[in-house]
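Okay, structure first, notes after.
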Amino acid sequence: MPWTTPSIKISTPSAITQGIRRLSYRQAIYEAQHQLLSTDKRVFLLGEGIDDASGVFGTTLGLTDEFTSQRVVDTPIAENGITGIAMGAAINGMRPILIHMRPDFVIISLDQLLNHAAKWFYMSGGQVSVPLTIRCVIGRGWGSAAQHSQNIQGLLTHLPGLKILMPATAHDAKGLLIAAVRDPNPVVILEHRWLFDKIGHVPEDLYATPIGRANICRYGSDVTIVATSIMVHEAMLAAETLANEDCNVEVIDLRSVKPWDENCVAASVRKTGYLIVADTGHQYGGVAAEITARITELCFSSLRAAPQRITLPEAPVPAASSLEEIYFPGQSDIIKAAKDILSG
Amino acid sequence: MPWTTPSIKISTPSAITQGIRRLSYRQAIYEAQHQLLSTDKRVFLLGEGIDDASGVFGTTLGLTDEFTSQRVVDTPIAENGITGIAMGAAINGMRPILIHMRPDFVIISLDQLLNHAAKWFYMSGGQVSVPLTIRCVIGRGWGSAAQHSQNIQGLLTHLPGLKILMPATAHDAKGLLIAAVRDPNPVVILEHRWLFDKIGHVPEDLYATPIGRANICRYGSDVTIVATSIMVHEAMLAAETLANEDCNVEVIDLRSVKPWDENCVAASVRKTGYLIVADTGHQYGGVAAEITARITELCFSSLRAAPQRITLPEAPVPAASSLEEIYFPGQSDIIKAAKDILSG
Amino acid sequence: MTLPSPDSKTQLALYRQMLLIRHFEQKIVELYPEQEIRTPVHLCVGQEAVAAGVCAHLRDSDTIFTTHRNHGHCLAKGMSLKKMLAEFYGKETGCCRGKGGSMHPCAPEVGILGTSAIVGGGIPIAVGAAWANQMRGIPAVTVTFFGDGATEEGAFHESLNFAALKKIPVIFVCENNLYATASAIGKRQPAAGSIAARAATYGLPGKLINGNDVIEVYLAAGEAVIRAKQGLGPTLIEAETFRWFAHVGPVDDTKTGHRPANELTRWKKKCPIQHLRKALLSKKILTPDDEKIWQKKFDRSFEEALYFAKTSLPSGIEQLTTHVFA
Amino acid sequence: MTLPSPDSKTQLALYRQMLLIRHFEQKIVELYPEQEIRTPVHLCVGQEAVAAGVCAHLRDSDTIFTTHRNHGHCLAKGMSLKKMLAEFYGKETGCCRGKGGSMHPCAPEVGILGTSAIVGGGIPIAVGAAWANQMRGIPAVTVTFFGDGATEEGAFHESLNFAALKKIPVIFVCENNLYATASAIGKRQPAAGSIAARAATYGLPGKLINGNDVIEVYLAAGEAVIRAKQGLGPTLIEAETFRWFAHVGPVDDTKTGHRPANELTRWKKKCPIQHLRKALLSKKILTPDDEKIWQKKFDRSFEEALYFAKTSLPSGIEQLTTHVFA
Ligand SMILES: Cc1ncc(C[n+]2csc(CCOP(=O)(O)OP(=O)(O)O)c2C)c(N)n1
Ligand SMILES: Cc1ncc(C[n+]2csc(CCOP(=O)(O)OP(=O)(O)O)c2C)c(N)n1
Ligand SMILES: [Mg+2]
Ligand SMILES: [Mg+2]
């Protein structure tokens with residue numbers, strides 16, 4: 001269907017894809033799940049339509065046949081209840097991976113996620129932890145509009161108790177999923193659909209990308225750009241353009257938005273003196289707000305200008321493609337921000 | 001019951017209570033509702049246990065008898081459904097005031113609140129607005145713990161489409177409630193339970209406190225403290241102490257956390273060069289993060305030190321009173337922050 | 001309370017309505033590959049009888065809440081074809097100024113106060129809108145259409161409870177098309193359960209009907225409307241039916257492996273339009289000429305609307321951040 | 001399937017259990033005015049039969065999920081009195097290290113894997129925990145206790161559907177005490193509705209029982225446990241009962257105007273403890289001496305636990321931000 005292909009072009013900057021074994025982001029997720037199901041009896045997958053012929057954008061294809069419908073479980077349409085059920089299984093010996101095809105459906109489950117999963121270990125005085133992994137496919141475009149393409153990292157990061165990951169590469173799509181399942185806490189992974197075809201180096205083994213560690217994708221000394229998810233790729237493209245104008249950008253792929261690698265970002269900002277945060281989400285109290293506020297606290301004397309945030313406009317997602325085009329920020333916004341910030 | 005009385009003492013700084021007609025915050029809310037019910041047939045109240053003998057901490061006492069159970073409606077325990085129902089009534093000619101006794105119950109209703117009410121006007125292309133008012137009593141103490149005393153302004157402010165108010169005085173408790181009901185949009189008012197006995201000037205007429213306008217409660221030139229809800233009173237107490245040490249603090253009662261009065265705060269920070277934000281909520285992406293990030297953007301060259309945030313620790317609310325005492329920040333934290341920031 | 005069968009005129013109107021919906025959907029099927037409609041479309045071919053049979057009872061002052069699968073309901077409720085198509089094409093002249101797309105139609109002038117694409121999300125809103133009528137003394141009825149999948153959401157249960165408690169003039173119409181996306185109902189709900197039977201446990205009438213028989217739908221909805229208007233409260237109608245196309249898009253999803261082909265073949269034989277057509281022809285209520293005239297009319301209005309949609313201006317930048325707040 | 005009546009020994013044990021719960025609650029009533037228990041208490045006096053009758057079937061490996069009104073369930077499931085009281089007193093030695101307070105008891109060693117105070121919140125979690133047992137081949141049963149108010153939440157409905165669909169070994173025990181805080185059930189649920197009857201519409205057995213008759217509770221729960229262990233799936237038990245104190249705190253809420261006094265008087269006559277006591281005394285299964293000995297024992301263990309609780313250290317600062325993550 002037309003809406004399964006990106007409306008924007010993402011080329012693959014070389015720095016990210018060096019390496020030998022190459023898989024797509026989609027295949028990387030598939031492989032992580034396959035390996036987890038194969039090696040850990042506690043792991044199971046559940047979600048709405050998880051076993052249908054499209055296989056959650058191809059990430060679960062064939063897994064039901066191979067591992068049975070007991071371990072790859074189609075569910076009723078009942079996001080809050082199913083989240084509670086997955087959580088119940090998690091506290092009683094299992095390692096569920098709950099899959100949502102759209103971020104908006106996570107909002108329906110926030111009672112179980114925020115009132116329960118995020119607090120259970122603390123309320124129990126450290127006795128009962130919740131090793132629950134939630135995969136959520138995020139995306140945009142093709143008139144999906146206000147209720148089918150929100151960015152929810154800003155909602156999920158606010159209250160204590162959840163870890164939130166946003167892989168930008170095939171490598172991390174696999175590594176962070178494995179890390180999430182191994183983590184004894186509730187972890188939400190936001191996977192960007194426009195990255196599913198993105199190819200990158202993916203080792204064959206069952207490796208974990210450490211949660212809370214950022215990745216410097218490009219070294220530079222003039223300005224620091226911290227980016228999440230698809231914005232990492234926009235930032236890399238912007239960096240190439242800026243390099244032609246003698247501006248050396250350092251691009252940091254945050255990977256994990258909570259906890260986040262403040263040491264890595266702070267060190268970079270101390271070096272460059274300038275910070276731009278490019279997040280896929282909204283501005284008010286979003287990930288970009290937190291990074292800006294915190295880095296200002298940590299690096300005030302190094303900052304040579306106010307940090308800049310690149311986020312969504314203050315409006316729900318519109319449907320018309322003419323509006324979508326201007327709604328979502330991209331490399332040109334990053335280039336503009338870099339020029340603005342450097343020119344004071 | 002013991003848990004209905006504050007565990008902390010709040011004296012009443014004079015600047016806030018000047019005036020002639022004096023009512024408590026509780027009475028002010030009651031009066032606003034009474035006047036709204038009397039003057040506008042479209043207004044009705046609904047909520048769990050709204051008509052019981054305690055009358056939502058005394059704010060709805062007797063209203064059912066006076067206005068009938070058709071207009072002051074006890075509801076089933078079904079927060080998401082009831083929010084949708086209230087919203088449905090709002091889009092079809094009514095002006096519902098939906099009351100929650102605890103903020104945590106709002107989290108159950110976020111599908112209707114964030115996926116629906118916040119987006120309806122936009123999705124409809126500006127045809128159908130949602131004049132829904134939600135009153136939510138916030139509070140703390142007496143071992144209410146993780147699921148009964150959260151601070152949710154940081155959750156509600158992130159996505160576009162809701163207005164969020166936090167009255168700190170009796171005057172604004174009435175005025176903002178009236179403003180909310182008159183506003184054609186969904187508005188959430190967070191009323192702090194420990195302020196219910198607080199006395200202040202409350203005019204008798206049906207007046208609205210403008211949404212989005214902050215209130216400078218105390219003028220000063222050395223440091224700006226922006227505070228929300230009960231933290232306004234903590235900030236006023238801190239200001240008195242600091243005044244004795246020749247530090248003149250400007251205290252701004254934000255009142256409306258979204259939209260918020262960035263002009264007022266920016267003007268103050270341009271004058272003082274220092275900003276402290278004292279919010280009742282969490283740090284990551286909270287109201288304090290947004291104000292810090294935004295004011296840094298607006299006033300970078302005026303800032304003489306990094307803005308400081310006074311927020312909750314990164315943990316759910318604990319039950320033991322020994323832990324509660326250290327969990328919630330207060331005037332001493334504000335005093336310390338002011339000293340720290342000024343001493344660089 | 002049993003209503004008499006509808007007269008010939010009504011039967012003809014019901015038939016025409018179904019035909020109009022089918023016509024519209026077929027046009028969308030043709031146009032969609034152009035990729036100018038840049039919003040997902042959830043076709044209702046095969047399910048036309050429910051929209052037609054229910055909406056036949058409704059006036060502009062009655063309200064409906066529909067879902068992602070809303071074309072039939074909107075057309076049957078009298079929504080402007082121009083505004084509907086313009087919205088599909090992302091135009092400023094669309095029913096939501098291009099902001100809503102295909103999943104959030106809104107036309108207050110004919111009682112469509114906005115649409116949720118969150119499964120189950122519109123149900124409580126409908127109850128609330130109906131409650132507002134009750135409170136204001138307006139003798140109108142509200143219908144909420146939803147799928148079998150929506151009955152799995154908590155919102156469904158909470159809505160039934162409240163509507164029954166307050167005797168709210170709302171009609172719950174579940175179009176049970178046996179699937180939610182590609183998941184058969186048996187994978188989502190226990191075989192021994194029943195959606196219609198649930199109504200009784202809240203003390204409201206629930207009826208399982210053949211959703212492909214427009215007369216049966218018409219009669220059941222008629223009773224429900226009378227109950228609602230008499231102040232007797234809500235009704236739940238479970239109409240069994242089937243969609244012919246994939247969950248989304250003009251695709252045959254039996255070919256993509258999402259659903260078994262023989263099931264679709266079986267249901268196509270139960271086409272709601274053919275079913276009534278045979279009866280009407282044999283009773284001479286309908287003539288093939290009627291149909292030809294209608295088809296022409298449908299073609300003409302569609303072409304006009306399409307021209308309007310295609311030539312309207314795309315939603316402009318000034319729309320981007322307006323209407324966040326009223 | 002009908003179970004035989006429990007033998008004298010079992011009856012005596014059920015009686016003793018109820019007495020223990022009542023004893024505990026009365027102590028809390030005495031102690032609470034000291035204001036050293038700084039956490040809200042939701043007393044279950046009047047409802048002891050449900051906890052006693054259900055938990056009599058459970059072993060440590062069986063799991064329960066309870067609610068804000070949890071004292072009876074926790075005691076009947078074998079929770080340590082010391083840890084429970086220490087938690088009430090906000091102590092580091094409490095079952096949640098003082099972090100949970102009265103509303104979130106946790107004792108994995110006896111199958112209490114944490115508690116939600118969100119009405120209805122524990123129900124899906126219980127279903128999931130039971131599902132985990134099913135997946136792991138562990139022949140244990142899980143019970144979720146909840147009030148009548150909780151059945152109004154969507155989570156209840158979603159949980160029944162899923163548990164029935166997957167034949168999960170979980171038992172839904174609704175303690176219908178006719179009130180949620182001070183709202184009578186008639187203000188919240190339609191009179192013509194029924195909680196127990198709802199079960200059948202999901203294809204699972206539902207039974208309305210006298211929740212003040214511990215033998216009736218014991219028998220109903222016994223059947224449900226057998227069904228669950230035989231792989232036949234879940235059961236819903238609606239046990240009608242009544243609480244004697246206010247929703248929260250040791251208060252007579254008929255005096256505060258929250259509930260009518262005559263209703264409470266009527267229900268006090270149906271005291272679950274007195275009901276069984278008369279039968280046991282008349283059959284000479286119980287002697288007043290037994291009771292005296294038990295009371296002494298209860299007193300002694302309570303005093304010990306209280307001493308432990310009061311002399312333990314308050315939860316210290318190092319607890320504040322630990323255990324956010326494992
Ligand atoms: C809350 C929610 N969960 C999931 C989805 C994704 N989704 C869209 S339509 C659909 C199936 C709905 O099935 P049903 O209610 O039977 O309606 P039908 O499509 O069959 O008309 C799903 C799961 C959604 N839109 N909202
Ligand atoms: C989701 C939610 N809504 C509201 C409350 C406040 N509250 C606590 S207990 C209670 C009544 C619950 O009634 P019921 O389920 O019948 O249990 P009971 O107290 O009668 O044992 C309410 C409304 C809550 N804790 N959680
Ligand atoms: Mg369906
Ligand atoms: Mg109850």
Side-chain angles (χ1 to χ4, degrees), chain B residues 1-5 7 47-56 61-62 64 69 73-84 101-102 104-109 111-112 141-150 282 312-328, chain D residues 32-33 35-40 68 87-92 94 96-104 116-121 147-155 180-185 187-189 246-249 251 253 256-259 313-317 319-324:
Chain B
M1 302 301 298
W3 55 86
T4 56
T5 50
S7 54
E48 296 166 8
I50 195 177
D51 58 352
D52 78 16
S54 324
V56 188
L61 271 186
T64 315
S69 61
V73 186
D74 192 14
T75 71
I77 322 291
E79 291 80 2
N80 191 48
I82 297 296
T83 303
M101 300 230 206
R102 303 272 189 179
D104 318 70
F105 311 156
V106 174
I107 294 179
I108 306 180
S109 70
D111 172 41
Q112 284 298 330
W142 204 264
S144 301
Q147 292 181 327
H148 277 70
S149 40
Q150 292 175 77
H282 283 284
L312 298 175
E314 184 65 18
V317 188
S321 57
S322 57
L323 297 177
E324 282 180 342
E325 260 163 47
I326 47 180
Y327 184 83
F328 297 103
Chain D
Y32 208 64
Q35 303 215 4
E36 285 182 40
I37 298 177
R38 299 175 72 85
T39 184
H68 57 287
E87 189 64 29
F88 283 21
Y89 281 85
K91 301 303 176 74
E92 198 134 332
C96 306
R97 289 193 165 100
K99 293 177 179 190
S102 64
M103 294 195 281
H104 310 294
S116 171
I118 293 293
V119 169
D148 46 305
T151 68
E152 292 148 24
E153 291 281 4
T181 64
S183 298
I185 190 165
K187 290 173 68 192
R188 302 177 284 108
Q189 299 189 20
H247 169 65
V248 58
V251 171
D253 67 346
T256 54
H258 285 76
R259 294 190 299 173
L313 286 178
S315 211
I317 187 163
Q319 293 297 333
L320 193 69
T321 54
T322 48
H323 304 124
V324 178

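Values in this document were obtained by computation on a predicted structure and should not be read as measured data. Residue numbers start from 1 in every chain, and the chains themselves are labelled A, B, ... in the order their sequence lines are given, proteins ahead of strands. Keep in mind that the numbers below use all heavy atoms, side chains included, and drop hydrogens, waters and symmetry copies.
The contact between D/A117 and chain B is made by backbone and side chain atoms together, counting heavy-atom distances below 4.5 Å. Looking at D/S183, both its backbone and its side chain come within 4.5 Å of chain B, counting heavy atoms on both sides. There is no contact between D/H323 and chain B, counting heavy-atom distances below 4.5 Å.
For the pair B/Q147/D/S116, a side-chain contact is recorded, criterion being any heavy-atom separation below 4.5 Å from C-beta on. Residues B/E48 and D/T181 are not in side-chain contact: their nearest non-hydrogen atoms beyond the backbone lie 4.5 Å or more apart.
For the options B/I50, B/D51, B/V317, B/I82, heavy-atom pairs under 4.5 Å to chain D are most numerous at B/D51. Listed options B/A320, B/P76, B/A146 were ranked by heavy-atom pairs under 4.5 angstrom with chain D; first place goes to B/P76.
In this structure, CG on B/D52 lies 11.5 Å from CZ on D/R259, to the nearest 0.5 angstrom. The structure places OH of B/Y327 at 14.5 Å from CD of D/Q319, a figure rounded to the nearest 0.5 Å. Here the CG atom belonging to B/L312 is positioned 12.5 Å from the OG1 atom belonging to D/T321, to the nearest 0.5 angstrom. Considering NE2 of D/H258 and OG of B/S54, their distance stands at 2.5 Å, rounded to 0.5 Å. Atom-to-atom distance recorded for D/L320:CG and B/E324:CD is 11.0 Å, nearest 0.5 angstrom.
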